[in-house]
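Here is the structure we will look at, set down as structure tokens.
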Protein chains: 2
Amino acid sequence: MSHNIATGEMRIGDLARRAEVTPRTLRYYESLGLLQPAARRSGGFRLYDEAAVRRLARIRQLKELLGFSLDEVREILRSEDAVQEIRARYLGTEDAGVRAQLLRQALERAGAQRELVRRKLAGLQAMDDEIAERQARIRQLLQQSTGAGGRQE
Amino acid sequence: MSHNIATGEMRIGDLARRAEVTPRTLRYYESLGLLQPAARRSGGFRLYDEAAVRRLARIRQLKELLGFSLDEVREILRSEDAVQEIRARYLGTEDAGVRAQLLRQALERAGAQRELVRRKLAGLQAMDDEIAERQARIRQLLQQSTGAGGRQE
DNA sequence: TTGCAAATTGATCTTTGCGTCAAGGTTAGC
DNA sequence: GCTAACCTTGACGCAAAGATCAATTTGCAA
């Protein structure tokens, strides 16, 4: 059994198939400090869990969708990991003052991340608008043309 | 004078500075058939015009913002150039039927381009929404926290 | 006319993000 | 306990997108 459904543990090939990447890619990501296996089996086999599946999906999203380099992805993940740490500390304290402080930190990080995404988004929006405008102009010409020239079809 | 303001003619270094790339990059783009200089001076110096500035900006936008490879950029530009050609032919005919046909071609191309952009946009939107949601959750916690713990500031 | 910044072509170098062997070690199933 | 499928590390290869020489030329400017 290569894939223990109950514990969610899987070997490198299983994870690779699930994420549609090659094992080589996963080893490479590991070497860059992007994705660590949850454990190693006695023989040396890497073992991954469900958290790894999610993290890998995130990596691919950042790389493919947003076009970040793996170096940038590492920085972003580092930041996200920090948020998780803040969350853990938040859950670990009862002190309202400390809690509020931690929340503010998390908020700040989320804000920074959003900034990044919104910049890309704005550029894309502008492009979309531009194309839409062009389409509208052409459509209008087409209307005039087929309207004036006697409608066809 | 390296940069004739009146005619908008400039040499490779001028264009490079304006677009924040290196001259090497421009020569490379030329070798890929992405950006042709408007002319060459007798000595062999490349001369660029304002159209080149715009085209270069477009290339960078497609590459940096949308994450297209230079190969893909070339295809997209080819398509855009085709639109320009359609436009020229449109202006060159009076035949309403031909005109309508050309307009429909242009419309189709614009549609295809928009599809591409919108796919990227959708992914980014989803990411932005996700972050926004996270922010909202944190803000709510913060409200509760500072609300319950006695407001400060 | 000489001098220096900027240009030319050509060649080789670098980085990123993996792919592809090579030579073995591990493990599930029979 | 054997075999096939999977895994290990290590090394080299490769395409994209330039960067960096190197050896000359060009051309404005004093």
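Being a predicted model, the structure only gives us computed values, none of them experimental. A, B, ... follow the sequence lines: proteins, then strands. Residue 1 opens every chain.
Among the nucleotides D:dG18, C:dA6, C:dG19, the one closest to any side-chain atom of B:Thr25 is D:dG18. Nearest to the side-chain atoms of A:Lys63 among the listed nucleotides C:dG17, C:dT20, D:dA17 stands C:dG17. Here the nucleotide nearest the side chain of B:Arg27, chosen from C:dT8, D:dA17, C:dT27, is C:dT8. Among the nucleotides C:dC18, D:dC7, C:dT8, the one closest to the side chain of A:Tyr28 is C:dC18. In the set C:dG19, C:dA7, D:dA19, the nucleotide with an atom closest to the side chain of A:Arg24 is C:dG19.
If you find the closest nucleotide of DNA chain D to A:Arg46 and to B:Gly44, the one lying nearer the 5' end belongs to A:Arg46. Nearest-nucleotide assignment on DNA chain D puts the 5′-proximal partner with B:Phe68, out of B:Phe68 and B:Ser42.
Rounded to an integer number of Å, the gap from A:Ile12 CD1 to D:dT8 P is 5 Å. Here the C1' atom of nucleotide D:dT8 and the CD atom of A:Glu30 are 11 Å apart, to the nearest Å. For the pair A:Phe45 CZ and D:dA5 P, the computed distance is 15 Å after rounding to whole Å. Distance CD (B:Glu9) to P (D:dC28): 12 Å, rounded to an integer number of Å. Residue A:Arg40 contributes atom CZ, which lies 15 Å from atom C1' of D:dC6 at whole-angstrom precision. Remark: P of D:dA17 and CD of B:Glu72 are 9 Å apart, rounded to the nearest angstrom. One can place CD of A:Glu20 at 13 Å from P of C:dG19, the figure rounded to the nearest angstrom. To the nearest angstrom, P of D:dA16 lies 14 Å from CD of B:Glu75.
Residue A:Arg41 has no polar side-chain atom (N or O) positioned under 4.0 Å from OP1 or OP2 of C:dT26. Put simply, A:Ser69 has no side-chain N or O that comes within less than 4.0 Å of OP1 or OP2 on C:dT16. Put simply, A:Tyr29 has no side-chain N or O that comes within less than 4.0 Å of OP1 or OP2 on C:dG17.
When only modelled atom types and interatomic distance are considered, B:Arg55 and B:Tyr48 share no side-chain donor-acceptor pair under 3.5 Å. In summary, the side chains of A:Arg137 and A:Gln140 do not present any donor paired with an acceptor at a separation below 3.5 Å, with no hydrogens or angles considered.
No engagement by B:Leu32 is indicated, since no non-hydrogen atom pair under 4.0 Å with the nucleic acid exists.
Applying the 3.5 Å distance criterion, the base of C:dA7 shares no donor-acceptor pair with the side chain of B:Arg11.
B:Gln113 contributes no side-chain N or O that, together with a main-chain N or O of B:Ala110, makes up a donor-acceptor pair within less than 3.5 Å.
Checked against B:Ile12 for a side chain to side chain contact (heavy atoms under 4.5 Å, CB included), the options B:Leu47, B:Leu26, B:Thr22 give a single hit: B:Leu26.
In this view, A:Arg118 and B:Asp128 satisfy the side chain to side chain donor-acceptor pair (under 3.5 Å) rule, not counting sequence neighbours.
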